[in-house]
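Counting starts at 1 for both ligands and their atoms, following the listed order.
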Amino acid sequence: MKIAIVGVSGAVGQELLKVLDQRNFPLTELVLFGSKRSAGQIYTFKDKEYKVKELQHNDDFKEVDIALVSAGSGTSLNFAKTITKHGAIMIDNSSAFRMDDEVPLVVPEVNAEDALNTPKSIIANPNCTTIQMVVSLKPIEQLSHIKKVHVSSYQSASGAGATAMNELIEQVKQSTTGKEVHVEKFAYQLAFNLIPHIDVFTDNGYTKEEMKMYNETRKIMHSNIEVSATCVRVPVMRAHSESIWVETEDELSVEQIRKAFENFNGIIVEDNPSEKKYPMPLFLSGRDEVFVGRIRKDLTNPKGIAFWSVSDQIRKGAALNAVQIAEYLIQHKKR
Ligand code: 2RA
């Protein structure tokens, strides 16, 4: 089983190496690709050194079985044919193919079987905020069809990449020493601030990030579910949080929802307010699961349930989900 990682030098690329190692993914060969700038860098995987090759339009993917790609939409669009032309399956972390009808958009806990239908040999990894949310929605949908979702996201700096994480740290230092705060990766200073603007605004007043939560959730859940999102950047390093309100067809109890969460693979319930037990990003970075808490009936709607969720944006929100798709493929499809 030959695996390629494209974009290995980025935050997600580095996490892909860690996840493949930690899960003992059954690869026999590994090849790393990057930009001209990253070419030549050396990374270690299971005590063996691998040199990054520059991604080019050639036959480098001839023997590759699965390519894990996290290098931006432009690179994915430009190199999809080069990556897949010899038979490799491309698991793409960019938004390039997510809404393509011939490309499955997959969260294994929710719609794994969709990964087996790949007319373009491409499987799209959803946006991190969508992944985290649909994992928490699936157990509720299994109890009663979800009609509406309102969600506010509290998105960490890591969503904008490793440079953005470093910028946040520098901004905190600069703003506490009275120095001028350097702002580059975000529209405004993020330290001690909240920015209700991720990606670009569309004609309906929602941002592209917010419309991803609407469009991707409907595709993944094969549902007419209505999603209204407000996506906010917050001064947190690498775990996203979401405040989610759900309306279901039938009235459900908190106990039913809690039990469904507790029995669902990939979810951990942290919900005991009297003991100050609820998920927080500071303590859950690096974890694989989606953590849920603050589960309660909605005061305004007997068919409404509100809850809070936290998950690591780089792991389950990107690298882990992609590797889980690859694991599903090798368990269910000869590759
Ligand atoms: C963000 N979800 O958080 C976007 C892309 N990772 O910036």
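- Nearest heavy-atom pair, E109 versus N265, reported as atom, atom and distance to 0.1 Å: CG-O, 3.5 Å.
- Under a 4.0 Å N-O distance rule, the pair K297/E251 qualifies as a salt bridge.
- For the pair R98 and N125, the tightest heavy-atom approach, listed with the atom from each and the gap, is NE-O, 2.8 Å.
- Polar contact check, G159 against ligand 1: a nitrogen or oxygen pair lies under 3.5 Å apart.
- Protein heavy atom nearest atom 3 (O) of ligand 1, with residue, atom name and distance: Q155 NE2, 3.0 Å.
- Taking distance alone, with nitrogen or oxygen atoms compared against 3.5 Å, E209 approaches ligand 1 more closely than that limit.
- Residue V106 comes nearest to N111 through the heavy atom pair CA-OD1, 3.5 Å, listed as atom of the first residue, atom of the second, then distance.
- When non-hydrogen atoms are compared, ligand 1 lies under 4.0 Å from the side chain of N127 (C-beta onward) but not from its backbone.
- The protein atom (non-hydrogen) at minimum distance from atom 7 (O) of ligand 1 is R233 NH2, 2.6 Å.
- Heavy atoms of H240 approach ligand 1 to within less than 4.0 angstrom.
- By the 4.0 Å N-to-carboxylate-O rule, D288 lies close enough to R315 to be salt-bridged with it.
- Atom numbering of ligand 1 starts at 1 in the shown order; those under 4.0 Å from a heavy atom of Q313 are 6 (N).
- Salt-bridge formation is detected for the pair E247/K147: a Lys NZ or Arg NE/NH1/NH2 atom is positioned less than 4.0 Å from an Asp or Glu carboxylate oxygen.
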